[in-house]
Amino acid sequence: MVNIKLKKFNLEHTLECGQIFRINRLEEWYYVNAQNKFFKIRQNGNELEYHGVDKKFVTHFFSLNEDYSKILKKIDRDKYMREAIERYRGLRILRQDPWECLISFICSSASNIPRIKSILNVLSEDFGKQINLDKVCNYSFPIPGSINNYKKILSAKTGFRAKYIFETNKSMNIKTLNSFRTMTYKSAKDELKKLNGVGDKVADCVLLFSLGFNQAFPVDTWIKKVMQLLYFDNETVSNEKIRDYALNYFGDYAGYAQQLLFMFARNELRTPNRLKLWKEGKL
DNA sequence: CGTCAGGTAGCCA
DNA sequence: TGGCTACCTGAC
């Protein structure tokens with residue numbers, strides 16, 4: 001059991017903001033597959049209850065040892081961010097396993113969440129190890145080197161991503177991934193982008209969600225829309241320009257700003273019209 | 001049936 | 001650099 005103020009952590013926002021795919025909600029419990037673990041966790045006010053992992057794991061995995069107030073203070077730059085913070089307060093960046101995160105986001109390109117989930121589950125069933133919790137059967141994410149059957153990868157409905165997964169499985173390992181942690185943001189990103197199937201967006205996701213680069217600012221379609229509207233007078237600008245602007249504007253914790261804005265844009269401003277109305281204060 | 005979805009590689013100016 | 005387009009697949 002962990003006690004943490006609701007204002008400083010929100011399990012639902014943290015797990016449902018798209019940074020992790022292998023989660024399942026069953027009534028008030030979240031069943032989570034991550035880092036070789038299969039555990040369940042729920043939040044009741046200021047209390048976190050969990051089975052299958054210990055306090056040390058939970059504290060680390062959910063970044064509970066980060067100074068949340070300090071982070072919010074740094075990104076709270078304007079009325080837009082303030083509103084995103086108010087609505088999704090308690091959202092934290094997870095500390096995921098870099099390998100699992102890398103493969104997951106390679107799978108995410110030009111896809112959607114249900115499909116990504118399905119691919120990752122099939123890959124785990126085919127190449128991972130069985131783990132049980134409460135008689136619920138599940139599979140750990142396959143370790144580097146073990147996703148080595150191209151036909152099986154393809155039959156997980158990975159499509160054109162199959163070759164990226166197959167190649168990455170051959171060339172990448174945990175040690176190399178971990179060595180990126182001590183590099184500069186730019187060097188680490190360049191290294192990741194050497195992998196086929198890894199571009200700016202996927203690299204930034206891996207850097208932010210698993211390698212500790214809190215300044216990484218993944219630019220996807222939602223972030224692009226909301227950033228253009230709020231900070232570029234609704235003009236079309238390149239992803240690179242958006243990223244540079246965000247890094248400069250939000251600073252060391254730009255990644256937290258990205259997640260909050262992403263949630264806000266995706267959940268509440270689905271249509272461009274709503275987005276515009278919101279900016280004009282008419283929502 | 002076309003379009004589109006949390007992108008990227010490859011090609012060309 | 002900047003601007004295309006094809007790419008697996010499945011849900012509208």
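Proteins get letters first, then strands, A, B, ... in listed order; numbering begins at 1 in each.
The side chain of A110(A) lies closest to dC8(C) when the candidates are dG10(C), dT8(B), dC8(C). You'll find that the side chain of V202(A) is closest to dG7(B), out of dC8(C), dA5(B), dG7(B). Comparing dA9(B), dG2(C), dC7(C) against the side chain of Y164(A) picks out dA9(B) as the nearest. Comparing dG6(B), dC8(C), dT9(C) against the side chain of T221(A) picks out dG6(B) as the nearest.
Of the two residues near DNA chain B, N196(A) and Q259(A), the one whose nearest nucleotide lies more 5' is Q259(A).
Donor-acceptor pairing under 3.5 Å, judged by distance alone, is absent between the side chain of R161(A) and the base of dC7(C).
Y245(A) has its ring centre less than 6.0 Å from the ring centre of F232(A). Residues F105(A) and F21(A) bring their aromatic ring centres within 6.0 Å.
Pairing of dG6(B), defined by two Watson-Crick or G-U wobble distances under 3.5 Å, is not identified with any nucleotide. The partner of dA13(B), taking Watson-Crick or G-U wobble pairs whose two distances both stay under 3.5 Å, is dT1(C).
Here I113(A) lies in heavy-atom contact (under 4.0 Å) with a base. Across all strands shown, L195(A) has heavy atoms under 4.0 Å from sugar-phosphate atoms exclusively, and none from any base. Within 4.0 Å of G197(A), counting heavy atoms only, lie sugar-phosphate atoms of the nucleic acid but no base atom.
Rounded to a whole Å, the NZ atom of K225(A) is 10 Å from the P atom of dG7(B). The distance from atom CG of L102(A) to atom P of dG6(B) is 20 Å, rounded to the nearest whole Å. Following rounding to the nearest Å, K193(A) (NZ) and dT8(B) (C1') show an atom-to-atom distance of 10 Å. Between the NZ atom of K224(A) and the P atom of dT8(B) there is a distance of 12 Å, rounded to whole Å. If you measure from atom CZ of F105(A) to atom C1' of dG7(B), you get 12 Å, rounded to the nearest angstrom. In this structure, F160(A) atom CZ and dG10(B) atom C1' are separated by 14 Å, rounded to whole Å. The distance between atom CG of N112(A) and atom C1' of dC8(C), rounded to the nearest whole Å, is 12 Å. To the nearest angstrom, P of dT9(C) lies 16 Å from CD1 of I116(A).
Residue K201(A) places none of its side-chain N or O atoms closer than 4.0 Å to OP1 or OP2 of dT8(B).
A gap of 23 Å separates the C1' atoms of dT8(B) and dA11(C), to the nearest Å. Annotation: dG6(B) and dG3(C) have their P atoms spaced 23 Å apart (nearest Å).
Within the 4.5 Å cutoff, no side-chain heavy atoms of Y68(A) are placed close to those of I4(A). Side-chain contact check for K40(A) versus L133(A): some heavy-atom pair is nearer than 4.5 Å.
If you check the side chains of N169(A) and Y150(A), you find no donor sitting under 3.5 Å from an acceptor. For N33(A) and N138(A), the side-chain atoms include at least one donor-acceptor pair closer than 3.5 Å.
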